[in-house]
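Computed from a predicted structure; not experimentally measured.
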Amino acid sequence: MEPALTLCGLSLELYLKAIYFHENGKPKNGHDIFKLYNSLSPNSKNSIINFFNTNKESFIKIYENFITHNHIKIISFEETLKELSDIFISMRYMYENLSNQKNLLFRELYKAKFCKQD
């Protein structure tokens with residue numbers, strides 16, 4: 001499961017870096033998702049927020065029972081980005097810090113959908 005989260009974090013990072021490159025014609029360094037997002041143009045940030053908000057309600061509705069049963073806190077877009085800010089770094093070395101816990105709705109949904117329940 002943790003390799004999937006690492007790859008999701010890397011994918012999000014590369015997505016934001018690709019947008020930045022498209023806008024600025026030069027690469028952006030760093031792994032901090034929140035900082036990468038904040039380096040984008042207002043137009044790009046608005047597009048991402050609109051996509052998030054458009055899909056958030058249907059996502060919550062689909063997984064409503066799971067979210068309620070597991071007492072998962074729904075957080076805002078900005079809180080989500082802050083929570084995910086270091087996901088690539090923290091998850092790729094998860095075995096070094098087993099106490100690393102994040103409010104990651106994705107983690108719980110991933111376990112429910114792809115990991116066998118005993």
Legend entry - Gap separating the CD atom of Glu78 from the OH atom of Tyr37, nearest 0.5 angstrom: 8.0 Å
Inset, instruction - For residues His31 and Asp86, determine if any side-chain heavy atom of one lies less than 4.5 Å from a side-chain heavy atom of the other. - result: no
Legend entry - Shortest non-hydrogen contact between Tyr20 and Leu40, atoms and distance: N-CD2, 3.6 Å
Inset, instruction - Measure the spacing between CD of Glu23 and OG of Ser39 and express it to the nearest 0.5 Å. - result: 8.0 Å
Inset, instruction - Flag the pair Lys45 / Asn38 as yes when at least one side-chain heavy-atom distance between them is below 4.5 Å, and no otherwise. - result: yes
Inset, instruction - Return yes if some donor-acceptor pair links the side-chain N/O of Lys17 with the main-chain N/O of Gly30 below 3.5 Å, else return no. - result: yes
Legend entry - CG (Asn53) with more than 12 external heavy atoms under 6.0 Å: yes
Legend entry - Considering all heavy atoms, the nearest Phe21-Pro27 contact: CD1-N, 3.5 Å
Legend entry - Minimum heavy-atom distance between Asp32 and Ser85, given as atom pair plus value: OD1-OG, 2.8 Å
Legend entry - Residue list, side chain to side chain contact (heavy atoms under 4.5 Å, CB included) with Asn46, at least two apart or on another chain: none
Inset, instruction - Could you tell me whether Phe52 atom CZ has more than 12 heavy atoms of other residues or ligands within 6.0 Å of it? - result: yes
Legend entry - Close side-chain approach of Leu12 and Leu36, heavy atoms under 4.5 Å: no
Inset, instruction - Check the surroundings of atom NZ in Lys35: do more than 12 heavy atoms from other residues, nucleotides or ligands lie under 6.0 Å from it? - result: no
Inset, instruction - Write down the atom of Ile48, the atom of Phe77, and the distance for their closest heavy-atom approach. - result: CG2-CZ, 3.6 Å
Legend entry - Sidechain N-carboxylate O distance under 4.0 Å for Glu57, Lys61: no
Legend entry - Phe51 with Leu16, same ILVMFWY side-chain cluster at under 4.5 Å: no
